[in-house]
Structure formats: structure tokens, C-alpha cells
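Below you'll find the structure, written out as C-alpha cells, and then a few comments.
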Amino acid sequence: MKPYYLLAILPFIAILGGAAFVNKVEPYVLGIPFFLFWIIIWAILCSVIMVIIYRLDPINKEEGK
């Protein structure tokens, strides 16, 4: 297994493991409860992490350029 594949574990840990620590209504961030903000931000970060993994994986490199 390639080490950068371990990045894919971060969203899983953050959303499921972090939920126990950030399960609060206050403070409000951008007008929404902090817990909802946490889930939204990690959904976005999950996409960013998957793009990073895609770019690092040599299988996805185009040949002939």
C-alpha cells in the first residue's frame, strides 16, 4: 500500500471520531451550528484529499506528453 493512500483515512477519522468532540450547537460559524459546519468542511476537504491522492498516484499520469 502506498503511503499517500493513508490520506484517505483522514476524513473518516475526522467525521466519525471528531464528531464526539465537536458535538456542540454553539459557537455558530457562518450562521450555522459548529457541528454542521464541521461536517460540511470535512465533506469539502474529503474532495480535496481525493484530488491530492489522484495527483500523487503514478497510475494516473498520462504517458506520451
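This one's a predicted model, so the numbers in the text were calculated from it and none came from an experiment.
Side-chain contact between L45 and L10: absent, with no pair of heavy atoms (C-beta onward) separated by less than 4.5 Å. The shortest distance between side-chain heavy atoms of I13 and W42 does not fall below 4.5 Å.
In this structure, CG on L7 lies 7.5 Å from CG on L56, to the nearest 0.5 angstrom. Between I53 atom CD1 and L6 atom CG the span is 9.0 Å, to the nearest 0.5 Å.
Smallest separation of non-hydrogen atoms from I15 and W38: CA-NE1, 4.3 Å. The shortest heavy-atom contact between I49 and A8 is CG2-N, 4.3 Å. Smallest separation of non-hydrogen atoms from Y28 and P33: CD2-N, 3.6 Å.
Under a hydrophobic clustering in which Ile, Leu, Val, Met, Phe, Trp and Tyr are joined whenever their side-chain heavy atoms come within less than 4.5 Å, directly or via other members, I39 and L30 fall into the same cluster. V51 and I41 fall into different hydrophobic clusters, defined by Ile, Leu, Val, Met, Phe, Trp and Tyr side-chain heavy atoms under 4.5 Å apart, directly or through other members. The hydrophobic clustering, which links ILVMFWY residues whose side-chain heavy atoms are closer than 4.5 Å, places F21 and I32 apart.
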